[in-house]
Amino acid sequence: MATERYNAREAEARWQAAWNQADVYATSNDDPRPKYYVLEMFPYPSGRIHMGHVRNYSMGDVVARFRRARGFNVLHPMGWDAFGMPAENAAMQNKVHPKAWTYQNIATMRDQLKSMGLSLDWSREFATCDVDYYTRQQSLFLDFLAAGLVTRRQSKVNWDPVDMTVLANEQVIDGRGWRSGALVEQRDLTQWFLRITDFAEDLLTALDGLDRWPEKVRIMQRNWIGRSEGLRVRFELEDAPAGHATVEVFTTRPDTLFGMSFLALSPDHPLTATLAAKDPQLAAFVEECHHMGTSVAALETAEKKGYDTGLSVVHPFDGRRFPVHVANFVLMDYGTGAIFGCPAHDQRDLDFARKYGLTVVPVVLPEGADPATFTVGDEAYTGDGRLFNSDFLDGMAVPDAKEEVARRLESREIDGAPAGRRQVNYRLRDWGISRQRYWGCPIPVIHCEACGVVPVPKADLPVALPDDVEFDRPGNPLDRHPTWRHVDCPSCGRPARRETDTMDTFVDSSWYFARFTSPRADTPTIPAVADAWLPVDQYIGGIEHAILHLLYSRFFTRAMKATGHLSLDEPFRGLFTQGMVVHETYRAADGRWISPAEVRIEEKDGVRTAVMAESGEAVEIGSIEKMSKSKRNTVDPTDIIESYGADAARWFMLSDSPPERDVEWTDAGAQGTARFLQRVWRLVGEGVAIAPPAGTPAPAGASGLALDLRKAAHRALAAVGETIEGLRFNVALAKIYEFVNVLGSAVANERGRLESDPAAAAALREALEILVQVMAPMTPHLAEECWRVLGHDGFVSRQPWPEVDAALLVEDEITLPVQINGKKRADVTVARDADAPTVEAAVLALEAVQRALEGKAPRKVIVVPQRIVNVVA
RNA sequence: GCGGACGUGGUGGAACUGGUAGACACAGCGGACUUAAAAUCCGCCGGCUCCGGCCUUGCGGGUUCGAUCCCCGCCGUCCGCACCA
């Protein structure tokens, strides 16, 4: 009988409507079953979804559907990370309001996501630019402010003089603004900060407990937080200017104090400023340092430069005097902004000392080196060893010497304070969230001449963005709005001024996962509900968020705990970072990039060539790269879904490559997937014609073909379950292919037996149902359609995952490979529970073994039960 | 410079805890069906071979009855951080 081809376009639309009608994927907060929260990083509404989204959301949907079938109450929501600069850029370029642009994009992308057939609870959807959302965010900010988790202070920022805004470090490329191309200036601005550094230690130590996170991400966060233990050491200054009797440095190597040859100040150090006020040459040097730029390239090639201030400091132990320099490589915002230089054991200090002819005295002797001859050339010695040339430290190991110096300096007073203080330092900085931008969450404070900074009372929230703004000039439109910023002081009632800075959009994404648990509540969360759902059991997204978003969210969760909005520390129990979608690139003879849609690939004798589909003009096939607009090597998910179907797109995104690695999109692969899905459709159609009706139980105690089919089905069922659980989707799919191959050849070659043996036919029905159910997480539309063909009403999406019959997974007889001297030479088939002597006897009787032994007795026979036999001749 | 990951057929990859290397797929080749094409189905598909075998998981060693897996040393690719004292 001829089976109709599966019409993905028609069937997918029909099942999406049916799911929607029956509200299949809505989740209740009151469901008593165990919870499972699966979340994919929500998208920025840039315009259209891309294949990276398809991959990300396909993975999450497999997890969600699988867990639902396993009996969990699954929360699988979707929303929009909707504030940000692209909306304002669009406003400036195309004269469209950021709000209109954003919501239009959301509408488009929502339709695209819906066409993928994702099992999302759309009733919980929100965008971070919804007033309802950012109102709660303002409320959170006020709580953080009251709890002392927010500060306002001056800091150096990257200022783009053309766009007139602060730029994040990531937005400064080679010293220029990423959009304007203007040279970025360092400016001192008053900024709002969230005090993430208060949690530095906890954010660091808690990483150890995140055992379902990729090790790579944990290491990146660990390095980012950058904890180091050291000592602050205060030096007495000679001939010091008023107010600068001492200068303090931070060091992690107090053991090398006797190897000191200079002290260096940051150009931004207060003492530098004091000295520069009276020393025009120093002032010029400082100015020069500020113009050196912050780009990677500039730092890499930057020469060590210094300026001798003429001052001296006194060594705390032996009273020697050392010069004080201002040096370009000393950072003001790490440690104390000053260092002591020990050239023998620090490469930067060594470079500096060589340049300015300062002494180099080694004080740590590598093991086995001769103290009389050991010298340091162009490479500082930073390794371990024993102290020498170091007075009372001589002979000590490095750790002991560190301890001894700390101990002595702690109990020593200079100028009324201890000369040394142990200190733990972090690289992590407080999080500056002020942005001079319109399209963000307004910071809810008011500046009053009389009262200072006054928080907006919660009753007055929201501080809503005005709609009537102009984007005809760069800068922040909120600053130029005729009325918005004018407001009465909530405290004294006199005219005051609103804060016109908005929040960094990373704030918006730092708590959205908590908001999904009760998205319409009039408080940021309902604590009991948030606690019931959180943590997110499986979070899936790109590695590019390894630090910022994931660290901010970890901080935010702690801050929300401190302010009573939930009561846990870690938001994401399991984290998975998926690889990118990559594609071949194509270039025309004149060098312009050509999109895959315009290219036709031809293959002759294994050589692939490409031509323009229309003109036949030759096209060069280039390297495989991340899909990007600039290289035009993108494919549009909607085109793919229209030509192959959503199920095929989903399946292909999950097949072949392990999910953490990059996957290459190829048209041939997509076609192969579509062919496979047609094959499954035919198989189910042909199979159901032979199999007994729905409801027929699987045959118990089956044998022969029935048993073979049952074993194949239950083995696939077990393997698919295990591999999905481990997020090894590519392996899950391979197991399904294997299973389909078994079923396909049974239906094709064993038709007679299937028709004459009711047990085999019943086993076939069971197998087909299992096939449809294990495929349902990946290809839900096709699965629903097949489920109907198999004679069932209702949704396969609501079916529980079938139980594995463990008895069917074990073989009574097993075939063991037989090795002779580690090389496979034969097979032996024995009972599964045969003991070692029995197996050995069977092996030695084998003809191949006899031949290899040439009549001699084996030296040794190793029997690994149920695995392998190795005969050592 | 520091930190990390990876390296398996033409390609993507599989291989439980040290136990048959190459599952599964893509591409390719051969064949069947067809007036033809599409679709579908069947077969082959790491290398060498004196047809008994031999070699093969980047390279060189080591441990082991046995190594893609563990250890040491190289080579290569990719990613992250980067004057953090």
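A, B, ... follow the sequence lines: proteins, then strands. Residue 1 opens every chain.
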Output the single nucleotide from [options] whose closest atom is nearest the side chain of [X].
{"X": "A/Tyr737", "options": "B/rA25, B/rG13, B/rA82", "result": "B/rA25"}
{"X": "A/Gln819", "options": "B/rA25, B/rA21, B/rU40", "result": "B/rA21"}
{"X": "A/Val872", "options": "B/rC41, B/rC84, B/rC65", "result": "B/rC65"}
{"X": "A/Arg661", "options": "B/rC41, B/rA14, B/rA85", "result": "B/rA14"}
{"X": "A/Asn741", "options": "B/rC24, B/rC41, B/rC84", "result": "B/rC24"}
{"X": "A/Asp346", "options": "B/rG13, B/rG3, B/rA85", "result": "B/rA85"}
{"X": "A/Arg675", "options": "B/rC83, B/rA27, B/rG3", "result": "B/rA27"}
{"X": "A/Ser657", "options": "B/rG13, B/rG80, B/rG66", "result": "B/rG13"}
{"X": "A/Arg429", "options": "B/rC84, B/rA27, B/rC83", "result": "B/rC84"}
{"X": "A/Ile868", "options": "B/rG19, B/rA14, B/rA25", "result": "B/rG19"}

For a quick check of understanding: with a heavy-atom distance under 4.0 Å over all strands, which category does [X] fall into, base, sugar-phosphate or nothing?
{"X": "A/Leu331", "value": "base"}
{"X": "A/Ser655", "value": "nothing"}
{"X": "A/Val864", "value": "base"}
{"X": "A/Val330", "value": "base"}
{"X": "A/Glu664", "value": "nothing"}

* When the ring planes of A/Phe285 and A/Tyr307 are compared, do they come out parallel, tilted or perpendicular, using 30° and 60° as the limits? ->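 Parallel, since the angle between the ring planes stays under 30°.
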Quantified in whole Å, what is the [atom1] atom distance between nucleotide [N] and nucleotide [M]?
{"N": "B/rG61", "M": "B/rA67", "atom1": "C1'", "answer": "14 Å"}
{"N": "B/rA39", "M": "B/rU34", "atom1": "C1'", "answer": "11 Å"}
{"N": "B/rG18", "M": "B/rC71", "atom1": "P", "answer": "11 Å"}
{"N": "B/rG10", "M": "B/rU57", "atom1": "P", "answer": "13 Å"}
{"N": "B/rG12", "M": "B/rC6", "atom1": "C1'", "answer": "15 Å"}
{"N": "B/rC69", "M": "B/rG80", "atom1": "C1'", "answer": "26 Å"}
{"N": "B/rU64", "M": "B/rC78", "atom1": "C1'", "answer": "33 Å"}
{"N": "B/rA38", "M": "B/rC29", "atom1": "P", "answer": "13 Å"}

Please determine whether a side-chain nitrogen or oxygen atom of [X] lies at a distance below 4.0 Å from atom OP1 or OP2 of [N].
{"X": "A/Thr673", "N": "B/rA25", "value": "no"}
{"X": "A/Arg859", "N": "B/rC65", "value": "no"}
{"X": "A/Asn730", "N": "B/rA23", "value": "no"}
{"X": "A/Asn328", "N": "B/rC83", "value": "no"}
{"X": "A/Arg427", "N": "B/rC81", "value": "no"}

Could you tell me whether the side chain of [X] has a donor or acceptor atom within less than 3.5 Å of a complementary atom in the base of [N]?
{"X": "A/Arg348", "N": "B/rA85", "result": "yes"}
{"X": "A/Lys304", "N": "B/rC83", "result": "yes"}
{"X": "A/Arg867", "N": "B/rC16", "result": "yes"}

Any ion pair linking [Y] and [X] (charged N to carboxylate O, less than 4.0 Å)?
{"X": "A/Asp211", "Y": "A/Arg218", "answer": "no"}
{"X": "A/Glu722", "Y": "A/Arg728", "answer": "no"}
{"X": "A/Asp333", "Y": "A/Arg429", "answer": "yes"}
{"X": "A/Glu248", "Y": "A/Arg421", "answer": "yes"}
{"X": "A/Arg422", "Y": "A/Glu403", "answer": "yes"}
{"X": "A/Glu288", "Y": "A/Lys305", "answer": "yes"}

* Asked: With no hydrogens and no angle check, do the side chains of A/Asp430 and A/Thr197 hold a donor and an acceptor under 3.5 Å apart?
  ->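 On atom types as modelled, these side chains qualify, holding a pair under 3.5 Å.
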* Asked: Is it the case that A/Thr666 and A/Glu664 place a side-chain donor and acceptor less than 3.5 Å from each other?
  ->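 There is no such pair between these side chains.
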Let me know the distance between [atom1] of [X] and [atom2] of [N], rounded to the nearest Å.
{"X": "A/Met580", "N": "B/rA5", "atom1": "CE", "atom2": "P", "value": "19 Å"}
{"X": "A/Trp651", "N": "B/rA25", "atom1": "CH2", "atom2": "C1'", "value": "11 Å"}
{"X": "A/Asp333", "N": "B/rA85", "atom1": "CG", "atom2": "P", "value": "13 Å"}
{"X": "A/Arg227", "N": "B/rC81", "atom1": "CZ", "atom2": "C1'", "value": "20 Å"}
{"X": "A/Ile736", "N": "B/rA23", "atom1": "CD1", "atom2": "P", "value": "19 Å"}
{"X": "A/Trp224", "N": "B/rG80", "atom1": "CH2", "atom2": "P", "value": "13 Å"}
{"X": "A/His345", "N": "B/rC83", "atom1": "NE2", "atom2": "P", "value": "23 Å"}
{"X": "A/Lys860", "N": "B/rC65", "atom1": "NZ", "atom2": "P", "value": "5 Å"}

* RNA chain B: 5'-proximal contact among A/Gly672 and A/Gly337 (nearest heavy atom) ->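 It is A/Gly672 whose nearest nucleotide is closer to the 5' end.
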* Asked: Quick one: on RNA chain B, does A/Gly669 or A/Val731 contact a more 5' nucleotide (nearest heavy atom)?
  ->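 Here A/Val731 is the residue nearer the 5' end.
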* Heavy-atom neighbours of A/Lys626 NZ exceed 12 at 6.0 Å ->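 No, the 6.0 Å shell around NZ holds no more than 12 heavy atoms from other groups.
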* For RNA chain B, what dot-bracket results from Watson-Crick or G-U pairs at under 3.5 Å, with [ ] for crossers and | for inter-strand partners? -> (((((((..(((......[....))).(((((.......))))).(((....)))..(((((..]....))))))))))))....
* Does the salt bridge (Lys or Arg N to Asp or Glu O under 4.0 Å) test come out yes or no for A/Asp656 and A/Arg661, once each step is laid out? -> CA-CA 10 Å; A/Asp656 290 347; A/Arg661 280 196 223 169; over 6 Å; no
* Syn/anti state for B/rG9 [syn: chi within 90° of 0] ->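 That one's syn.
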